[in-house]
Structure formats: C-alpha cells, structure tokens
Amino acid sequence: MPDTVSAAEASASGFLDGDYDDAAGYYTPGTPLVDTKAPEGPIAERWQNRKFEARLVNPSNRRKLSIIIVGTGLAGASAAATLGEAGYNVKSFCYQDSPRRAHSIAAQGGINAAKNYKEDGDSVHRLFYDTVKGGDYRSRESNVYRLAEVSTNIIDQCVAQGVPFAREYGGLLDNRSFGGVQVSRTFYARGQTGQQLLIGAYQALERQVAAGTVSTYTRHEMLELITVDGKARGIIARDMVTGAVETHLADVVVLASGGYGNVFYLSTNAMGCNVTAAWRAHRKGAYMANPCYTQIHPTCIPVSGSHQSKLTLMSESLRNDGRIWVPKNQADCDKDPRDIPEEDRDYYLERIYPSFGNLVPRDIASRAAKNVCDEGRGVGPEVDGVRRGVYLDFSAAIERLGKKGITEKYDNLFDMYERITGENPFEVPMRIYPAVHYVMGGLWVDYDLQSTIPGLFVTGEANFSDHGANRLGASALMQGLADGYFVLPHTIRDYLADGPFEEITEDHPAVVEARESVKGRIDHFLSVNGTRSVDSYHRELGNIMWEYCGMERTETGLKKAIDLIRSLKDDFYRNVKVLGGAQTLNQSLEKAGRVADFFELGELMCIDALNRRESCGGHFRGESQTEDGEALRHDDEYAYVAAWEWAGEDSIPVLHKEDLVYTAIEMKQRSYK
C-alpha cells in the first residue's frame, strides 16, 4: 500500500489551498500519495534492482497459487501465457467469444522499440525522453524508463513467435516513424500490427491452455471484485450466454481490461469496450488516476451523420508519407481537392511545426485540425452545418515511391478507407478528423503494477502508469506486451511469496455480499421498465462528454457537464427500458450495466479536468494557453498524479496527489516547432 501523510502536513504544504481550485466543492482533499515500491538510485539500474529485490516463489509453491486475469488483449494474454508457463494456476476471462477478438487486434500502425536499427540516433534513453516529453511531463520517469528498457526484448520475443514484421530488401526488420519523434523505431506488419501481435500472444496462451496451467472463460463479463479483509480474492462474472452469475476465487486478481474511451459513445474503440471491471474495482477501493487524460487521435474517418455508433481509425503511420492540408480560402472548401492548386493549399502542420511537420504528437495534430475547421476551412460534406475534415494527401508520396511502394506499406489501410467512404485514396486525398481513441488515465498502480487494493494488479491501458497526459503513437502495444511478458511476472511474485493464502469459500460473507450486489443491479435494470433505450442514454452522455470534456475544456463547460450528467444519470435509473430476462443472452442488459458505470466515470472525468486548471497533452483547458494557442502547463501547481478515491454512493470523491519528481531529465514546456 502507498504511504500517506497527515491532513495537517498537507495543509501546511499548501495541498489544501483552494485559491485557484475550480473544482472546490466537487471533491474532498485527501492525504498525499507516495509510491513505496518506486526504486531509487541511477535510473538505468532501478528496474534491475527491483527485480532482484522482489522475493521469489519456488516452482512447487507456484502450483499451489491461483491467479485470475480479466482481459485477453496483449497485456492479458501475454500475462496469462507467461504466468501459466511459470507454473501458476491461471484463470483467464474475456467477454468476447475468443481471446483473439480482444480490441488489441484493431491496432494498426506498429510497436515501438529502442533497437536503433536505422542508426539514426535512437537509444533506450531517447525513447524514454521522447515518451516523457510526449506525455507532457506528467508520467513517472521510473516507469517510463523501464518501459523503454524492456522494449527491445519485446521485438525478440515476437519474432521468435513468428510475428511477420515488415522487412527490408536484405531481410532485416524495417522501421518507420510515428508522431512526436525524429527517429524511426516503430516495427510494423503493414497496417495489421495489433492483429499479428495478438495472434502471437494468443498462441502462447493456447499452449498453456493445452498444458493445463491456464483455463479460459470466454463470453464472461466481470461485474464485481471480491475483496476479503481488504485484499482482492476473486471476481463475480456473468456468463453472457446463459446469464448465470458465477463466483471465481483466487489468490490474486489482475485487471487487463483495456480503456474507457467509449464513455464518449463515438470512439475508435470496439463497441464492447467498457470501464466496468476497473470501475467496480474503483468502488471497492482502487484509486482512479488522471481520468481526464483522454487521447484524441488525429487520423480517423470523419463522422458522416447522426446514425453512427462507431468511428474508424486510420493508422498514424499514414502520416509518414501523407501530407495534411486544408484550402487557404474558405471558398475552396467545396471544390474537388485535385482542382485546388498547390499555392492555395495550407499544409498547416508543416507551416506551424517545421521541425516535426506532419509527425507532431497526436494531441497537437488533433487540436490543429480542430482549429482550422473552426475557422471554416474544413472539408468534406457538412454534418449539422459544419465541415469536420482535413485532407491527408498521398499524391507526392505516390509520385516519389510509386503506387507499388505505397501499396506495400499501406494497402489494407487504403482498401479499408475505400470500402467505408467509397473514395479511392490513390486518386483522391483521404479525409480525416480527430476522434476519441486511447485513455492515459486508469487505475492507480505502484511501480509493481499493484493498485491501492492489495492483491489487485492492473496492466496495459487499464492502468495509468506510463503515458502521462498524451501517449505517443505505437506505444500502446509496447506497454501491453511489456507489462504482460516482462514486468508483471517479476513484480507479482513479490506479493505471491506470502502464500499460501487462507482458503476462501463461496459462502464467505464478503463473497455472498459481492454476488448479491450483482444480482441486485441486474434485477433493478430489468424491473424499471421505462421508456428510453440504453443506447439513447449512452449517446446523450457521449455528446455531453465530447462537447464539454473533449478536445477543449473550460470551467464553465465542465461545471455544466457535471450538472447534465447527474440529471441524465437520475433519469436513467428511473426511466431506462431493458428488454429480455436475466437467464439468457441479453445485450441490452449488458449495455445497461456498462452505461451505468460510464455515468459515474464521466462525472469523475469532468471533476478531474475541472481541478486541473492547466493544459497538458490531451487535456487542454481554454483558460491555460500561450499567445499562439499552445498548451500551457503549470508545473508549480499541477506536477502530480491525481488519484481519486471512491467515497461512497452519495459522497463526493477524495483527491490524493502523488508528486512527480524528475531526476534524469528536466521538465520544460514542450516545443515541436
């Protein structure tokens, strides 16, 4: 557990000073937070030292210990495979019909690693620096250095599994660039990198299933965390096919359940992605860290109308060769882009950020696109009277590399774009616009990836630990596999070394209470019999979140959003209509539980954004920007992790702050110009 200091000490240090706190009255100040597992000493030695200090579990004792892992994406599948191979008894859960359908499969562009195959100046330290800078100096330096350090192992692991990374003519692995960096360190498999990596992790998982160390539970959704004497000891899951509510007990629980971008309704996430596993843990005592840090991806297919329930990502790798522009003159916006001469095009990223051009970080590229569209220079069809699109043009790259060269790099992406839009990007520039993609916030974890609930570990996008206020492209796959293959197996053994643990049975009062709470929620949703569908509430919540807690946030807008969310939530519990029954396949019931948790998460996201009166990474406060519209941080006031504690059903949340201290690099305002 993390250390805290007294409220008196907090007050003396200015922690309770509310002179500049927009969120005063929306939360209760808590005691500061310290990561007691964070190693000290030279940064390049910290991970090696922590691995050595972590206690061991001998092979015969591992066979007596059990682990539950929720989620089978890259973080979950790799962890289950590795821990199963180590000899632990692992239960793996996913709500999909196969582990191979986890949302990691949708990742397109690549995975970062500091191999320096291009001999262009890359190194572990440079990847570390780029990641901290890209996250706008709001991530932990020890965690990020560890991520950069183990990145090189990931590629070797995946090549050994047979992942078909792209190769150069001579047979060596190829690399390309991604936003926020000036080197080429991204390994890729055309536009299907996530799919190929997940297949590699899946086959490693299935090998352990065959060996008998891992049991998989597909079409099962975690609906509650079981805690006994303050420690995580299992989960309550619903069989999504039969409706049966099941109890699963273990010595430790790992959440690898992904992100919560679907709180915005429209996002690049799979439709089933949700926050329920993490939020149920939050309500049991796991702190939620930096929930307002949402990544808006700059290269998505624009919204085409109010009928949509899903947005489509176009890989950031396209920014390697595509040039982004809009017409200089508003009068040209409805013209065929091929009829607009070069001198009348505004390549605005190249103009504003000459050092990085089209490869600026995602948050900067997204805000720049929004700005030119707000000026009335957006392109494409009007939706609700506004053109929300910019061009991603490959004509110069096709002329330079030839159609064959572009096809070898991006053929499935070009094909996907044409299937969705009916436009051939070899002939007409793509149209793109920012959309909600990834979340940097998540459950708070210490250096060992353990939450504030002992025995509950959190990996991948479900935790907050590595990306600060903005994730660099191609780093999500890197973190997921790093956590699962190379970090968690070393840190979880320090906790499991205290085993064997007291046996817990299904009739334990804490287990019965968790199971009954799940049944009570199900019964409530089925009994309301109101007039509105779950989807209608989700869409309205998403509109509120996008409008007031999206690419730009203000004090006035966030306070309005909180009021709207609270009102809509009350109406939801009184007036939602869930068809069908509990003892069967019931997608409406599944959605109801997820949307109920999204209401509570959405409110906390707005409170977190309201409390942080600065702009950093994906969190842009209109009140905090430079004269030329760039994000303006305030390190003297906000250089901390905001860790939120659930205080009860009718209570406001408690804010704990973990100071961010940098010893290996200097904090400074980002510049990509």
Side-chain angles (χ1 to χ4, degrees), residues 66-72 76 80 89-96 215-258 260 272-286 288 443 451-458 462 501-527 578 580-598 600-601 646 648-649:
S66 57
I67 301 172
I68 284 174
I69 300 178
V70 180
T72 57
N89 298 296
V90 179
K91 286 185 175 182
S92 171
F93 292 81
C94 67
Y95 67 75
Q96 297 90 350
S215 301
T216 55
Y217 295 80
T218 60
R219 302 296 287 156
H220 279 67
E221 182 170 24
M222 172 185 161
L223 296 181
E224 189 58 272
L225 177 73
I226 297 171
T227 58
V228 178
D229 297 328
K231 298 180 180 179
R233 291 304 305 268
I235 65 171
I236 304 297
R238 180 176 182 269
D239 185 321
M240 297 164 66
V241 177
T242 68
V245 175
E246 302 175 358
T247 300
H248 296 272
L249 302 171
D251 296 310
V252 69
V253 177
V254 178
L255 297 186
S257 50
Y260 49 79
C273 292
N274 63 84
V275 76
T276 290
W279 194 256
R280 294 289 106 192
H282 172 60
R283 289 172 61 103
K284 283 293 183 75
M288 179 66 74
L443 292 180
S451 73
T452 45
I453 299 176
L456 178 68
F457 291 76
V458 191
F501 299 90
E502 176 190 359
E503 184 178 353
I504 304 297
T505 59
E506 292 194 17
D507 60 356
H508 189 285
V511 178
V512 173
E513 180 185 2
R515 189 165 56 241
E516 291 305 312
S517 71
V518 168
K519 292 180 178 178
R521 276 166 60 86
I522 291 173
D523 291 343
H524 171 79
F525 291 133
L526 292 173
S527 65
V578 177
Q583 303 303 315
T584 184
L585 175 67
N586 190 337
Q587 291 186 318
S588 181
L589 178 60
E590 296 163 18
K591 292 177 183 178
R594 296 167 186 172
V595 172
D597 292 332
F598 277 145
E600 295 176 356
L601 167 67
W646 174 262
E649 201 72 55

Original post:
Does any non-hydrogen side-chain atom of Ile226 lie less than 4.5 Å from one of Thr247?
Top reply: yes
Original post:
Any sub-3.5 Å donor-acceptor pair from Thr452's side-chain atoms to Gly285's backbone N or O?
Top reply: yes
Original post:
Is the backbone of Gly272 close enough, under 3.5 Å, to the side chain of Tyr95 for a donor and an acceptor to pair up by distance?
Top reply: yes
Subject >> Candidate pair Val245 and Ile522, rule side-chain contact (heavy atoms from CB on, under 4.5 Å), full reasoning >> reply: CA-CA 10 Å; Val245 175; Ile522 291 173; 4.1 Å; yes
**OP:** With the side chain counted from C-beta on, respond yes when His282 and Val275 share a heavy-atom pair under 4.5 Å apart, and no when they do not.
**Re:** no
Subject >> Taking every non-hydrogen atom, the tightest pair across Val458 and Leu443 >> reply: CG2-CD1, 3.9 Å
**OP:** Locate the shortest heavy-atom distance separating Thr227 from Ala510; write the atom from each residue and the value.
**Re:** O-CB, 3.4 Å
**OP:** State, with a plain yes or no, whether a side-chain heavy atom of Ile453 is found less than 4.5 Å away from one of Leu225.
**Re:** yes
Subject >> Check: Val70 main-chain N/O paired with Ser257 side-chain donor or acceptor under 3.5 Å >> reply: no
Original post:
Between Thr276 and Leu223, is any pair of side-chain heavy atoms under 4.5 Å apart?
Top reply: yes
**OP:** Could you pull out all residues at least two apart from Phe93 that satisfy ring-ring contact (aromatic ring centres under 6.0 Å, His included)?
**Re:** Tyr217, His248
Subject >> Carboxylate-amine/guanidinium contact Arg280 Asp597, below 4.0 Å >> reply: yes
**OP:** Kindly give the heavy-atom pair with the smallest separation between Leu255 and Ala278, and that separation in Å.
**Re:** CD1-CA, 4.1 Å
**OP:** Provide the closest heavy-atom pair for Leu589 versus Gly581 in the form atom of the first, atom of the second, distance.
**Re:** CD2-O, 4.4 Å
Original post:
With a cut-off of 6.0 Å (strictly less than), are more than 12 heavy atoms of other residues, nucleotides or ligands near CG of Asp229?
Top reply: no
Original post:
Which is it for His524 and Arg521 under the side-chain contact (heavy atoms from CB on, under 4.5 Å) test, yes or no, and what are the steps along the way?
Top reply: CA-CA 5 Å; His524 171 79; Arg521 276 166 60 86; 5.7 Å; no
Original post:
Does the side chain of Asn586 come within less than 4.5 Å of Arg238's, by heavy atoms?
Top reply: yes
Original post:
Who passes salt bridge (charged side-chain N to carboxylate O under 4.0 Å, His left out) against Arg594, sequence neighbours left out?
Top reply: Glu221, Glu590
Subject >> Thr505 versus Leu249, closest heavy-atom pair with distance >> reply: C-CD1, 3.9 Å
Original post:
Between atom CD1 of Ile235 and atom CD1 of Ile68, what is the distance when rounded to the nearest 0.5 Å?
Top reply: 5.0 Å
Original post:
Is any side-chain heavy atom of Glu503 less than 4.5 Å from a side-chain heavy atom of His508?
Top reply: no
Original post:
Minimum heavy-atom separation for Ala592 to Val578, with atom names?
Top reply: CB-CG2, 3.9 Å
**OP:** Kindly compute the distance separating CE (Met222) from CD1 (Ile236), expressed to the nearest 0.5 Å.
**Re:** 9.5 Å
Original post:
Can Glu506 and Glu246 be said to form a side-chain contact (heavy atoms from CB on, under 4.5 Å), step by step?
Top reply: CA-CA 10 Å; Glu506 292 194 17; Glu246 302 175 358; over 6 Å; no
**OP:** Apply salt bridge (charged side-chain N to carboxylate O under 4.0 Å, His left out) to Lys231 and list each qualifying residue two or more places apart in sequence or on a separate chain.
**Re:** none
**OP:** Verify side-chain contact (heavy atoms from CB on, under 4.5 Å) between Met288 and Trp646, making sure each step is shown before the conclusion.
**Re:** CA-CA 8 Å; Met288 179 66 74; Trp646 174 262; over 6 Å; no
Original post:
Are side-chain heavy atoms of Asp251 and Arg233 found at a separation under 4.5 Å?
Top reply: yes
**OP:** Would you indicate whether the side-chain heavy atoms of Arg515 and Glu224 approach each other to under 4.5 Å?
**Re:** no
